[in-house]
Amino acid sequence: MPSALTPDAITPNWLSRCATEVAPDLLGCVLVRQLPDGQILRGVIVETEAYTPGDPACHAYRRRTARNAVMFGPAGWAYVYLIYGMYHCFNVVTDLDGVPSAVLVRALELEALPPWLDSRLDPKRDKLHRVAAGPGKLCRALQIDLSLTMTPLAPGQGLWLERRSPKFQTQLDSGALTFVQTTRIGLTQGADRPWRWYVAESNSVSKR
DNA sequence: TGAAGGATTTGT
DNA sequence: CAAATCCTTCAC
């Protein structure tokens, strides 16, 4: 049943690689959210950051805690945390079981404005391509919160990933789309590591 | 048990 | 550039 509905769903095995490898590979892939009421929201990933063991910026750098425990487990699970008391950030756990690492999904290009959001946004200021441009904003747009952390990314869980569309891959192969690799944003430690990737041509990236 | 601070966002 | 706002972590 799940495979018939989601033929392009990404498997844990594909994510069981170093976060610095998975992060650029996730660009162009689709984050899909199914709300409790059945409504489905989709967005193309256009910006990611990698966090690895031995990385002072990684939440699992010091030791295993209740919050970061999921990062120590197998790939393909969601790691969601609350930042500054008001925004959530969504990560995909990567690498082998026992290797604490993850990819922060920082921005999505939404296919359509979430209907539930539509009524409360100012159409002049909240343009579609900016609604999920930023890790906190994308979680707000897809209604991702702490209830989703430590859950496997799968259709049955209401949150999952799908592979790049043939169109995206073609544009990438032809050079119509290009990736930029640069340093990560907002860090006080490990800010020098060039582990942020984004789609240069996208207007949904959080910052240039 | 408490205090400090954060992988953000927004408005001044 | 500072505020909003609360969970997590670490120190006492």
Expressed in angstrom and rounded to an integer, what is the separation of [X] atom [atom1] from [N] atom [atom2]?
X        : N     : atom1 : atom2 : value
A:Leu82  : C:dA4 : CG    : P     : 17 Å
A:Ile185 : B:dT9 : CD1   : P     : 9 Å
A:Arg63  : C:dT8 : CZ    : P     : 13 Å
A:Asp145 : B:dT8 : CG    : C1'   : 17 Å
A:Glu49  : B:dA7 : CD    : P     : 10 Å
A:Tyr79  : B:dA7 : OH    : P     : 9 Å
A:Leu146 : C:dT5 : CG    : C1'   : 14 Å
A:His88  : B:dT9 : NE2   : P     : 13 Å

From the options [options], select the nucleotide whose nearest atom is closest to the side chain of [X].
X        : options              : result
A:Lys137 : C:dC7, B:dT8, B:dT10 : B:dT10
A:Met71  : B:dA7, C:dT5, C:dC7  : B:dA7
A:Met86  : C:dC10, C:dA4, B:dG6 : C:dA4
A:Tyr81  : B:dA7, C:dC6, C:dT8  : B:dA7
A:Pro135 : C:dC6, B:dT9, B:dA7  : B:dT9

Original post:
Is there ring stacking between A:Tyr51 and B:dA7, where the centres must be under 5.5 angstrom apart and the planes under 30 degrees?
Top reply: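 Whether judged by distance or by angle, A:Tyr51 passes, so it stacks on the base of B:dA7.
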
**OP:** Report yes if the ring of A:Tyr87 lies under 5.5 Å from the six-membered base ring of B:dT8 with planes under 30°, and no otherwise.
**Re:**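 No, A:Tyr87 does not stack on the base of B:dT8, since the centre distance and plane angle fail the 5.5 Å and 30° test.
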
NA contact type, [X], heavy-atom cut-off 4.0 Å: base, sugar-phosphate, or nothing?
X        : result
A:Gly85  : base
A:Arg67  : sugar-phosphate
A:Arg196 : nothing
A:Thr65  : sugar-phosphate

Subject >> Any strand: nucleotide that pairs with B:dA7 via Watson-Crick or wobble, under 3.5 Å >> reply: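 Checking every strand shown, B:dA7 finds no partner, since no pair has both distances under 3.5 Å.
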
Subject >> Residue matched to C:dT5 through Watson-Crick or wobble contacts both under 3.5 angstrom >> reply: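 With both distances under 3.5 Å required, C:dT5 matches none.
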
Just by modelled atom types, is the [Y] backbone N or O under 3.5 Å from a matching donor or acceptor in the [X] side chain?
X        : Y        : answer
A:Arg193 : A:Arg184 : no
A:Ser16  : A:Ala75  : no
A:Arg208 : A:Ala200 : yes

**OP:** With C1' as the reference atom in both, quote the distance from B:dG5 to C:dA2 in angstrom, rounded to an integer.
**Re:**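 Per the computed distance, 16 Å lies between those C1' atoms.
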
Original post:
Given C:dC10, is OP1 or OP2 found less than 4.0 Å from the side-chain N or O atoms of A:Arg62?
Top reply: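 Indeed, a polar side-chain atom of A:Arg62 lies that close.
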
Original post:
Distance check: side-chain N/O of A:His59 vs OP1/OP2 of C:dT8, anything under 4.0 Å?
Top reply: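 Checking C:dT8 against A:His59, no side-chain N or O comes under 4.0 Å of OP1 or OP2.
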
Original post:
Would A:Leu26 and A:Val99 show up in the same hydrophobic cluster when neighbours are defined by side-chain heavy atoms closer than 4.5 Å?
Top reply: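 No, A:Leu26 does not connect to A:Val99 through the hydrophobic network.
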
Subject >> Nearest heavy atoms of A:Leu110 and A:Ala141, plus distance in Å >> reply: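 Here A:Leu110 and A:Ala141 meet closest at CD1-CB, 4.3 Å.
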
**OP:** Assess the side chains of A:Gln157 and A:Thr151: does a donor N or O sit below 3.5 Å from an acceptor N or O?
**Re:**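 Judged by distance alone, the side chains do not pair up.
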
